[in-house]
Amino acid sequence: MKRKKGYVGGMALLLSFALLAAGCGKSGESAEKGATGTKEGDAAVKVSDAPVTLTAAIDSVIIDSALETLIKDNLKKKHPNITLNIIQPTKGSTLDELIATGTVPDIVFTYSGKLTAYQEKGILYDMTELLKTHKFDLNRFEPQMITDTKVGSSNGELYGIPYSRNFHAFYYNKDIFDKFGVPYPQDGMNWNQILELAKKVTRNEGGTQYRGVDPGSGLSWIYQPLGIEADDFKTGKATLNNDKWKQVFELVKTMFTIPGNEPQGNAIDNFLKEKRLAMIMYTNMFSQLEIPTKEGFNWDVAQYPSYPERPNIYGNASVNIMTITQQSKHKEQALQVIAAATSDEVQLESSRQGRISPLLKPEIQAEFGKNLDILKGKNIQSIFKSKPVPYPNSSPYRSKSEAIAKKYFNDYLAGTIDINTALTKGEEEINKMLQAEKAK
């Protein structure tokens, strides 16, 4: 039977549309699987599937075997052509040593606070255009984590993608509170309430001096929630001699001069080994708590204390990020690795292993710590009741400025100088240090 020309043309057109739709469906499937971290349903730009080996260095963060396995398994499922070699930072294989030998890795696992230092290393790569090309969906991420990642940028460059965030938590020894008949710490307490509680559990019993509280890192996590620094990144001047720093010095001195609560040795040892510290503020201690918990250590967590004027805020919580280096010859494949590490599947399991996900999905947060036996029955959701202060754009001399501030705080704590002298002299010394550093 003879068919009309229009009929044949129409069938051809329909067939073309069908083939096109099939092609789009396949591309959409690739995007959904996280081929390049695209939005679900968006067509991913074609990336070569030729076999390639990428190297990843680790700088100032921990990539344990569980997380490494999670990432590699997901990568193998989605991109079997990519082999990822994660280099642990042992002697001879630290990031600086790799750079010095000319073997710059494709990817660096690090945290947002290191990006300023990477400017000098010449390895930073602005991922903005690469992300646009591959429609990498940043809307999946908690906005503050993206903002904190950009903190070292001068013009809004994005040098990394978050894969987790650290947190601050308030740990306490239930047995000490039970021993002295004192109620446990509650969520929502401020620093003044913590000091009063500490006085009740700071006692000498049977020759053992029980300490009430330790801030975990001296001044650092006490001053950070106030949004202050010892020197200002923009002005290049010291910023120590002011009322906020005075508040910090006075608070920590009050804490350390509770009779019997003076710092004695290592605070972590006081808490975990000697079991004579009732309360400690710290970051993620879950791995350190594993053995003591199995041995019967009776602990729990509560919401991190805050200042009355800044409720539900704690200090800097580093955003752990993955960066692509400027020197990488496989940037698109490196982005596929990052997409695998930040996929819903990896992030869900990572959350269950006790890492805070950068993704917005509440169902991922709800699974936090579910795979850790030591967290069963603990008040884990208290960790999420406070938020970190936005990460500061710190100066390159932050650590030196902090060291000077701590030196004068120790003089004030010892009673050799008053607080006004401590702040004045500290500010003077920081300014001298800044001048000397800039003259180098």
Side-chain angles (χ1 to χ4, degrees), residues 168-222 248-308 314-315 372-380 382-383 385-386 406 409-416:
H168 292 200
F170 174 28
Y171 305 86
Y172 63 93
N173 183 329
K174 297 174 76 173
D175 285 341
I176 293 179
F177 284 88
D178 292 342
K179 184 180 187 69
F180 299 128
V182 177
Y184 299 144
Q186 300 296 308
D187 293 346
M189 298 182 78
N190 62 45
W191 282 110
N192 293 329
Q193 293 169 319
I194 293 298
L195 292 177
E196 292 304 311
L197 191 59
K199 293 174 185 176
K200 296 177 181 178
V201 288
T202 302
R203 304 189 192 181
N204 193 301
E205 184 83 9
T208 299
Q209 179 60 58
Y210 292 94
R211 297 185 59 213
V213 65
D214 195 284
S217 69
L219 300 177
S220 297
W221 296 333
I222 302 293
V248 171
F249 274 39
E250 289 177 337
L251 171 61
V252 181
K253 181 169 183 176
T254 300
M255 184 183 299
F256 284 159
T257 53
I258 295 172
N261 194 53
E262 300 85 1
Q264 299 172 7
N266 182 283
I268 294 289
D269 288 344
N270 291 173
F271 186 69
L272 292 177
K273 296 180 181 179
E274 300 155 14
K275 298 179 179 59
R276 61 185 185 87
L277 175 59
M279 299 176 283
I280 186 169
M281 291 72 187
Y282 215 74
T283 52
N284 190 338
M285 286 175 59
F286 296 156
S287 60
Q288 293 161 284
L289 280 161
E290 189 170 350
I291 292 175
T293 303
K294 290 178 180 177
E295 294 174 346
F297 184 39
N298 190 16
W299 63 277
D300 208 340
V301 287
Q303 183 181 1
Y304 202 89
S306 57
Y307 289 97
Y314 56 72
L372 299 180
D373 289 339
I374 66 165
L375 301 187
K376 285 182 170 57
K378 306 300 182 185
N379 183 27
I380 294 304
S382 68
I383 292 171
K385 291 183 178 179
S386 291
K406 289 176 182 177
F409 167 76
N410 288 334
D411 290 342
Y412 166 60
L413 178 62
T416 57

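Computed from a prediction, not measured in an experiment: that's the story for all the values here. Here, residue 1 is the first one in the sequence, and each next residue gets the next number.
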How about [X] and [Y]: do any of their side-chain heavy atoms sit closer than 4.5 Å?
X	Y	answer
Leu197	Pro185	yes
Trp221	Pro215	no
Lys294	Asp373	no
Phe297	Lys273	no
Asn379	Asp187	yes
Tyr210	Asn204	no
Tyr307	Ile222	yes
Pro183	Phe177	no

N/O donor-acceptor pair under 3.5 Å between [X] side chain and [Y] backbone:
X	Y	answer
Thr283	His168	no
Lys275	Leu272	yes
Asn270	Gln264	yes
Lys253	Tyr412	yes
Asp300	Tyr171	no
Arg276	Gln209	yes
Arg211	Glu262	yes
Asp214	Ala267	no
Tyr314	Gln303	no

- Evaluate the ring planes of Phe409 and Phe249, with Trp represented by its six-membered ring, and classify them as parallel (under 30°), tilted (30 to 60°) or perpendicular (over 60°).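 Because their plane-to-plane angle is over 60°, the rings of Phe409 and Phe249 count as perpendicular.
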- Message: Is the terminal nitrogen or CZ of Lys378 (NZ for Lys, CZ for Arg) located under 6.0 angstrom from the six-membered ring centre of Trp299 and within 45° of that ring's axis?
- Response: yes
Return the [atom1] to [atom2] distance between [X] and [Y], rounded to the nearest 0.5 Å.
X	Y	atom1	atom2	answer
Met189	Ile194	CE	CD1	4.0 Å
Tyr184	Gln186	OH	CD	10.5 Å
Thr416	Asp411	OG1	CG	4.0 Å

Indicate the atoms forming the closest heavy-atom contact of [X] with [Y], along with that distance.
X	Y	answer
Ile374	Leu289	CD1-CB, 4.2 Å
Ser217	Lys406	O-NZ, 4.4 Å
Met255	Asn261	O-ND2, 2.8 Å
Val201	Gly212	CG2-CA, 3.9 Å
Pro308	Asn190	CG-ND2, 3.9 Å
Asp175	Asn298	OD1-ND2, 3.0 Å

- Verdict with supporting geometry, Thr293 and Phe286, side-chain contact (heavy atoms from CB on, under 4.5 Å): CA-CA 10 Å; Thr293 303; Phe286 296 156; over 6 Å; no
- Charged N-O contact under 4.0 Å between Glu196 and Lys200: no
- Item | Test log, rule side-chain contact (heavy atoms from CB on, under 4.5 Å), inputs Val301 and Phe170 | CA-CA 5 Å; Val301 287; Phe170 174 28; 6.0 Å; no
- Query: Is there a side-chain contact (heavy atoms from CB on, under 4.5 Å) between Phe180 and Glu205 once you walk through the steps?
  - Reply: CA-CA 10 Å; Phe180 299 128; Glu205 184 83 9; 3.9 Å; yes
- Message: Asn173 vs Leu277, test: side-chain contact (heavy atoms from CB on, under 4.5 Å). Steps then yes/no.
- Response: CA-CA 7 Å; Asn173 183 329; Leu277 175 59; over 6 Å; no
- Query: Can the ring centroids of Tyr172 and Phe271 be said to lie less than 6.0 angstrom from one another?
  - Reply: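 No - the distance between ring centres of Tyr172 and Phe271 does not fall below the 6.0 Å cut-off.
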